[in-house]
Each structure stands twice: as structure tokens, then as C-alpha cells.
Amino acid sequence: MKFIVSSSQLLKQLQVLSGVISASSTLPILDNFLFELSENELKISASDLETTMSTTIEVQSDSEGSIAVPSRILLDTLKTLPNQPLTFKIEGNSEVEITSEQGNYGMPFFEGSDFPKAVSLENPSTTLVPANVLANAISKTIFAAGNDDLRPVMSGVFFQFGTENLTFVATDAHKLVKYTRTDVKADEVAEFIMPKKPLNILKGILATSDAEVSISYNESNAKFTFDNVTLTCRLIDGKYPNYNAVIPKENPNKLTISRGSFLNSTKRVSIFSSKTTHQIRLKMAGTELNISAEDIDFSNKANERLNCDYQGDDLEIGFNSRFLTEMLNNLASDNVQLEMSLPNRAGILTPADGTEEGEEITMLVMPVMLSN
């Protein structure tokens, strides 16, 4: 088995795939990349058993075969090499030899047949989604997903495909994000929960692609195919909570304000808040928003006033500044609207402008009890 490949092209593909490889794998073979050569095409795969990802690259070769090569040593070597052709050659049964303009490198390999195969989906449904839409949906929701091992269903992003729209939801019980696209739809209704790890990997690659992503799914697995990439992963098992039930319908108090001013003010004031609760206080009256925080233990306090457009009764409400900052950071609009009803009911944050056509974003943040 022998092939010649561009070092920079190989490095680019391996860096994408390396996100799949787990640092704490118990199976030694999973610390390797699988190389499957079929004449001029090299298919490279990485897996952690839950997620398997593969990509193809053109090479010069007239042979076939499959081997698993150590990922870390190969990546570290490629990062230090200038762009050039590299020759990979199997010597005997134990060593793969790499030849560059600078010299020769040898490393052990596993038989390709020992590498776990990606799951093949039985009777899948398929939906096509433009890459930029899927990238947006992931980046707008994934930050709100939980990290609680006791509630695995909330540690992923809920995909809800309908015949009129696609909806993506993430929540950790303190904050919730619902991202809807009315310009993309599925042929049939489907729901599944995607784990965070494959979504983070996809988010990084989709940002630079203008392809259509084919999403195939059944009850236990999902497969994403676009450009020369295929990613298959196991879905999170369980029923997603009824998120619509926690979104308050009647919110008569509406605050419209510059997102940048609100974000910067929240960041500054939160420096003076309690390090355990991160609580900030919003006080709205007329055209003025007052943001304050106090840390009684260290005698720190801060108070800022901002101009705003507020319609409703005078209201005082407390929020965790970290959640509010995260949400404001993940919106791209110039102005945002915060809708509220009572100090103990969730606030709903939406962009007041700057959304794409067919795009709807609703962010919900739970209040914290104000300590007087």
C-alpha cells in the first residue's frame, strides 16, 4: 500500500476529524485515524464509538488497503511541515513509513479491519437543510444546552422537524432558546435530540460551506452528509420536556433597548455582583432602565442608568447576569426586546431587528429572587 498526498490538504482534513477523537478513550484503536485507500481516493475516518466522521481526499496511488495510524504523532508532524507532497508506504506488517522533502518518519499501525465501523441507518427519514441555516441553528442554541448528567435529554439540542418549519431548542432549566426557520421544512414530522459534541464539530465546518446538508435519522442515530464529509452519531435517548409550557404567553411589560449598551452595562455592573448568585437588578420606569448589583459580603455595589423604550407598569426584576450576558452575546441585532409579566415569571428576549427572512429567535431567561 502506497500513496502520495499534499501535506497541507491532509492536515486540513485531519484537524477537522481530530475533534471526534476522545482524550479519555479506553480502546487504543480509537486514538487512530482510519485510512482506507481505493486507488486515487483516500477515505479518512475518526470515531469515539458514539460519533464517527469521515472525509475523502484525492491522492496519487494505484493500490488499495486500509490501516489505522496514530492521530497525535501524525498531526504534530504535519503541523511543522511546509506544504509539500508526502509519500506514505507500508513496510512489512508493522510500520508505515512517511517520506517528506526533509526526511523519513516511521510509526506503527493497526489493521484497518480492527477499526469500529460507522453505524448504518435502517429505514431513515431524510431532510435537506442549507449549511448556513444549520450552522446558525446550532450556534444560536447550543450554548443554552445543559451539562447535567442526571438529565441527559437537556444536555443536547432538540431537533423538531415539521411540514411547515424546522425548530431547534436547547435549555438547561435556567435559560431556553428556541430557533425556528419557516423557510425550510421537512416532508414528515420528526423529533430527535442531538448530543453537543457532534454539533460543535459540525458548527465549525458548516460555517465555511455553502452546500446543502442531508440529514438522515431514525430512532437511534442521525447522519449528516455534505461536501465530502459524513458524520454519524448516536442520538440522546429520552423524551424532551414540553418547552412551550414554560414560555409565558401574556407579557404586557415590554422593554426595547440597544443590545450593545445593555450588554456592556450588564457586564460592567455584574463585576460588582455577588460571586455566588451573579444577581443583577433591573428597574424599569418610563424611558429609563436602572441596572444595579450589590455584593454585601465585600461591600461592592454598582448602579447604571440607560435610556430605553419601556411600555408597561413600573417593574423591578432580578436576573443571573451570566445568563443574560450569554444570551445578548448570541444575538446579532442592534436592538433587543425584553418582555416580562411579573418579577417571578420568565423574561423573553428577542431580537428587535437584524434577523434573516424566515428566522425566528426566542430566548427565555428565568428570574432570580431579589434580596432586599
Side-chain angles (χ1 to χ4, degrees), residues 140-151 154-155 170-177 196 246-248 251-352 361-372:
K140 289 279 190 291
T141 52
I142 199 165
F143 76 92
N147 296 311
D148 187 352
D149 293 338
L150 298 174
R151 289 189 285 189
M154 288 162 86
S155 68
T171 182
D172 63 358
H174 301 290
K175 56 186 184 289
L176 179 147
V177 180
K196 270 197 279 199
V246 299
I247 302 175
N251 302 289
N253 304 309
K254 292 180 170 58
L255 166 77
T256 307
I257 191 166
S258 155
R259 184 184 70 89
S261 305
F262 192 18
L263 175 59
N264 290 331
S265 192
T266 300
K267 280 180 178 172
R268 271 193 304 275
V269 170
S270 68
I271 296 167
F272 296 83
S273 69
S274 157
K275 297 296 169 275
T276 48
T277 64
H278 306 282
Q279 178 190 297
I280 59 166
R281 184 184 295 249
L282 307 186
K283 197 173 178 178
M284 286 141 285
T287 59
E288 197 171 271
L289 166 66
N290 190 289
I291 305 179
S292 60
E294 187 172 12
D295 186 351
I296 297 165
D297 297 338
F298 295 95
S299 302
N300 294 329
K301 60 181 177 181
N303 189 351
E304 287 197 14
R305 277 192 312 278
L306 294 173
N307 288 331
C308 66
D309 174 7
Y310 180 66
Q311 289 161 354
D313 302 330
D314 291 2
L315 181 69
E316 208 169 330
I317 189 167
F319 290 114
N320 182 317
S321 60
R322 288 192 305 175
F323 299 152
L324 207 50
T325 302
E326 246 182 331
M327 291 183 157
L328 290 167
N329 265 328
N330 277 282
L331 289 171
S333 58
D334 293 333
N335 298 296
V336 291
Q337 187 173 64
L338 181 60
E339 298 176 47
M340 296 152 289
S341 55
L342 297 166
N344 61 350
R345 300 289 302 276
I348 294 178
L349 190 68
T350 52
I361 308 167
T362 303
M363 297 187 172
L364 178 142
V365 58
M366 297 303 288
V368 291
M369 291 295 289
L370 286 172
S371 46
N372 290 317

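When a residue number appears, it is its place in the shown sequence, counting from 1.
The two residues A346 and N251 come nearest to each other via the heavy atoms O-OD1, 4.5 Å. The two residues S270 and S273 have their closest heavy-atom pair at O-OG, 2.7 Å. Closest of all the heavy-atom pairs between S341 and N253 is O-ND2, 3.1 Å. The nearest pair of heavy atoms linking T256 to A352 is CG2-CB, 4.5 Å. Between I317 and P343 the shortest heavy-atom distance is CG1-O, 3.8 Å.
By the 4.5 Å heavy-atom criterion applied to side chains, T277 and N320 are not counted as neighbours. Looking only at side-chain heavy atoms (C-beta outward), D172 and N147 stay at 4.5 Å or farther from each other. Two residues are said to be in side-chain contact when any heavy atoms from C-beta on lie closer than 4.5 Å; R345 and M340 fail this criterion. Proximity of I257 to L306: side-chain heavy atoms (C-beta onward) are separated by under 4.5 Å at one or more points. Here the side chains of E326 and F143 are in contact, with some heavy-atom distance below 4.5 Å. Contact check for L349 versus V365: no side-chain heavy atoms found under the 4.5 Å cut-off. Between D149 and S155 the shortest side-chain heavy-atom distance does not fall below 4.5 Å. In this structure, the side chains of R281 and E316 come closer than 4.5 Å at one or more pairs of heavy atoms.
Applying the 6.0 Å contact sphere to CG of D297 captures more than 12 heavy atoms from other residues, nucleotides or ligands. Heavy-atom contacts from other residues, nucleotides or ligands closer than 6.0 Å to CG of D309 number more than 12.
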Checklist entry - After noting the C-alpha distance and the side-chain angles of Y310 and T287, does the key distance pass the side chain to side chain contact (heavy atoms under 4.5 Å, CB included) rule? => result CA-CA 6 Å; Y310 180 66; T287 59; over 6 Å; no
Item to check | Audit row: I348, L338, side chain to side chain contact (heavy atoms under 4.5 Å, CB included) steps and yes/no | outcome: CA-CA 5 Å; I348 294 178; L338 181 60; 6.0 Å; no
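Taking CD of E304 as the start and CZ of R268 as the end, the distance is 4.0 Å to the nearest 0.5 Å. With rounding to the nearest 0.5 Å, the separation of CG in N303 from CD1 in I280 is 11.5 Å. Atoms CE and NZ, on M363 and K140 in that order, are 7.0 Å from each other to the nearest 0.5 Å. With rounding to the nearest 0.5 angstrom, the CG atom of L176 is 5.5 Å from the CG atom of L364. Atom CG of L370 and atom NZ of K283 lie 10.5 Å apart (nearest 0.5 Å). The line from CZ of R322 to NE2 of H174 is 9.5 Å long, rounded to the nearest 0.5 Å.
The backbone N or O of H278 lies less than 3.5 Å from a partner atom in the side chain of S321, making a donor-acceptor pair. No donor-acceptor pair closer than 3.5 Å links the side chain of S333 to the backbone N or O of V336. Distance alone, capped at 3.5 Å, places no donor-acceptor pair between the S265 side chain and the F262 backbone.
The only member of N335, N264, L331 that meets side chain to side chain contact (heavy atoms under 4.5 Å, CB included) when paired with R259 is L331.
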